[in-house]
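FYI, side chains are in, hydrogens and waters are out, and symmetry mates aren't considered; it's all heavy atoms of this structure. Note that the numbering runs from 1 along the sequence shown for the chain.
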Amino acid sequence: LVDVMGSRFGRGKQGLFFVLAMLGILLLLTFSPALSQALVGYPTTLLMLYFFSGSVERYFGTRRFILAWVLMAIGGVIVGQAFSLVYGLDQPFVGPMPCTMALIVLFGLTHRNAQIMLMLMLPVRGIWVAAITALVAVLALLAKWNPGAAYWCGGIAVAFVFYKGWLDLLDLKVLRLKLKERQIKRKLDKFTVIEGGRGKDDDDDGPTFH
């Protein structure tokens with residue numbers, strides 16, 4: 001918003017719009033305690049998106065990345081609501097955390113050997129970051145210390161299924177291609193392949209013309 005407004009009124013005004021935006025946010029947080037509590041994890045969410053979304057989007061492409069994000073959100077809602085009924089985790093809204101947690105897992109699965117400086121000090125491979133993230137979500141669900149853990153697990157589960165390509169089986173285009181491949185393979189099985197070539201003991205009498 002600051003960038004757009006600054007472009008409209010001139011680059012020299014961007015600093016002014018930034019200050020006004022920060023003042024507006026501070027006023028909202030001051031006079032709305034509920035909003036203040038809801039925005040506590042917002043900077044962390046933005047950092048997760050900044051560090052992990054670009055690599056995952058380049059791996060899958062923009063269209064499949066958006067599809068993955070939507071499916072992870074839906075998976076988080078379904079699993080989270082199911083657990084809220086039978087497990088006592090009643091949380092009507094958890095924000096984008098199911099998708100961001102799943103995004104970290106997708107990054108680790110697609111960039112297994114990438115080196116991430118955990119806490120800016122410890123070098124950790126991407127696959128280990130994915131495993132640790134999934135483990136934290138499962139432990140939080142079992143311990144019931146975070147009502148949103150069920151939503152995290154739902155998003156992470158969908159991320160794993162999406163990475164494996166199992167959701168492609170629900171695509172009608174993929175199903176048609178699979179059916180066509182099976183039909184072609186069935187037709188090819190009717191043919192008998194005769195191995196050619198000369199025997200080892202045959203003498204080479206020169207070229208043969210047909």
Between [X] and [Y], which heavy-atom pair has the shortest distance, and what is it?
X      : Y      : answer
Ala102 : Ile156 : CB-N, 3.9 Å
Ala150 : Phe83  : CB-CB, 3.6 Å
Cys153 : Ala137 : SG-O, 3.5 Å
His111 : Tyr59  : CE1-CB, 4.4 Å
Ala130 : Gly108 : CB-CA, 3.8 Å

TODO: May I have the step-by-step check of side-chain contact (heavy atoms from CB on, under 4.5 Å) for Phe51 and Ile116, ending in yes or no?
DONE: CA-CA 10 Å; Phe51 283 115; Ile116 300 174; over 6 Å; no
Is there a side-chain contact between [X] and [Y], using heavy atoms and a 4.5 Å cut-off?
X      : Y      : value
Val158 : Ile74  : no
Ser53  : Trp69  : no
Thr100 : Ile104 : no

Calculate, to the nearest 0.5 Å, the distance between atoms [atom1] and [atom2] belonging to [X] and [Y] respectively.
X      : Y      : atom1 : atom2 : answer
Leu135 : Trp128 : CG    : CH2   : 10.5 Å
Arg64  : Leu71  : CZ    : CG    : 9.5 Å
Thr133 : Phe52  : OG1   : CZ    : 7.0 Å
Ile127 : Ile132 : CD1   : CD1   : 10.5 Å
Leu141 : Tyr151 : CG    : OH    : 12.0 Å
Met48  : Met101 : CE    : CE    : 6.5 Å

TODO: Output, in order, the C-alpha distance, side-chain angles, deciding distance and verdict of side-chain contact (heavy atoms from CB on, under 4.5 Å) for Phe60 and Leu106.
DONE: CA-CA 10 Å; Phe60 288 108; Leu106 267 184; 4.1 Å; yes
- [ ] Start with the C-alpha gap between Phe160 and Val105, add the side-chain angles, then the distance that decides, and say whether side-chain contact (heavy atoms from CB on, under 4.5 Å) holds.
- [x] CA-CA 8 Å; Phe160 181 78; Val105 174; 5.6 Å; no
Open item on the list: Checking Tyr163 now: which residues fulfil ring pair (Phe, Tyr, Trp, His ring centres under 6.0 Å) with it, not counting sequence neighbours?
Closed with: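 Ring pair (Phe, Tyr, Trp, His ring centres under 6.0 Å) list for Tyr163, sorted by chain: empty.
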Open item on the list: Would a single hydrophobic cluster contain both Val136 and Leu103, if residues Ile, Leu, Val, Met, Phe, Trp and Tyr are joined by side-chain heavy-atom contacts under 4.5 Å?
Closed with: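 In one cluster: no.
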- [ ] Determine whether Val77 and Val70 fall in the same hydrophobic cluster, where Ile, Leu, Val, Met, Phe, Trp and Tyr are linked whenever their side-chain heavy atoms lie under 4.5 Å apart.
- [x]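 Different clusters: Val77 never reaches Val70 through Ile, Leu, Val, Met, Phe, Trp or Tyr contacts under 4.5 Å.
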